[in-house]
Amino acid sequence: RYKYINLGNRVELGNADLVPEQGNFIDVGIKKRSAKLQFAANVFFNRISKMITMSPADSVVFVMEGDMGLSEKTFARKYQNIDEATITGFEMSVDWQAYPSTVVYGQVSYVRGIESNTKENLPGIVPLNSTAGLRRHLGNLGDVEFRTRIFNAQDKIAEGEVKSDGYWLLDCYATTSPITLGGSQLQFSAGIENIANTKYRSHLSTNRGNWALEPGRNVKLRLSVSW
């Protein structure tokens, strides 16, 4: 309620007049487990009175660099209560052991948020997104995993937000089996995220006032030692 945060590219202002939220929440789900299959899905409906969110406030000026070069942007937000908001959506995930050493998995989620009275979009809503991947055990060598992440474009935005384009990312990971060395065990891990070096912007980052591109191709190496 009483705060002023200036992180250079955005300013967040508190609001001493905020009142507590109240709401009703409904969540219905189903789970299925067997020797080779794990499945879960749920849908939810939330009705929130006096929901606390953020909206554009007094502006500050900062300089950003985009595709068109340097330009000035203004971005400041203040906490406020919304009379009534509705948030609905669903989540679904599945893990399937296709072969004794291979697991195929996937996940999808969707959220829709609106102000109940005005039917305007709520801020900070992640677009429809999904993940799909494959994990394979290579016996004494270790494990490998391939994963893709897909995000739809988000054009259902609130005042002060910026539309974000859709994108997909491809990742891969590998982990060795533990290697005994003297009285210790070593395990090596490596991964490459965003293999295609895709240029993209996360919608939640733009919602926070950061219009910069997310990291490109990212290589990770790790050594774990236990004794």
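Since we're looking at a predicted model, the values are computed, not measured. Values below: all heavy atoms of this structure, side chains included; hydrogens, waters and symmetry mates excluded.
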Worked check of side chain to side chain donor-acceptor pair (under 3.5 Å) between Thr131 and Arg149: CA-CA 5 Å; Thr131 300; Arg149 295 172 284 158; over 6 Å; no
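Judged by distance alone, the side chain of Asn121 and the main-chain N or O of Ile157 form a donor-acceptor pair under 3.5 Å. A donor-acceptor contact shorter than 3.5 Å is absent between the side chain of Glu145 and the backbone of Gly133.
Contacts classified as side-chain hydrogen bond (donor to acceptor under 3.5 Å, both in side chains) and involving residues 216-227 (residues at least two apart or in different chains) are given here: Glu193-Lys220.
Taking the side chain as every heavy atom from C-beta outward, Arg201 and Val162 never approach each other to under 4.5 Å.
By the rule that hydrophobic residues join a cluster once side-chain heavy atoms approach within less than 4.5 Å of another member, Ile26 and Ile87 end up as members of separate clusters. Leu141 and Leu221 fall into different hydrophobic clusters, defined by Ile, Leu, Val, Met, Phe, Trp and Tyr side-chain heavy atoms under 4.5 Å apart, directly or through other members.
Around CZ of Phe25, the count of heavy atoms belonging to other residues, nucleotides or ligands within 6.0 Å exceeds 12. Under a cut-off of 6.0 angstrom, the local environment of CG in Leu223 is crowded, with over 12 non-hydrogen atoms contributed by other residues, nucleotides or ligands. No more than 12 heavy atoms of other residues, nucleotides or ligands lie within 6.0 Å of CG in Asn24, so this atom counts as exposed by the packing criterion. Summarising the local packing, CD of Gln185 is surrounded by more than 12 heavy atoms from other residues, nucleotides or ligands at distances under 6.0 Å. Within a 6.0 Å radius of CG in Asn140, other residues, nucleotides and ligands contribute 12 heavy atoms or fewer.
Donor-acceptor pairing under 3.5 Å is recorded for the side chains of Arg147 and Tyr173.
Contact between Tyr200 and Asn194 at its shortest, heavy atoms only, is CE2-ND2, 3.9 Å.
Atom OG1 of Thr102 and atom CH2 of Trp96 lie 10.0 Å apart (nearest 0.5 Å). We find the CD1-OG1 distance between Ile114 and Thr88 to be 7.5 Å, quoted to the nearest 0.5 Å.
We find that Arg135 and Asp143 are not joined by a salt bridge, their nearest charged nitrogen and carboxylate oxygen being 4.0 Å or further apart.
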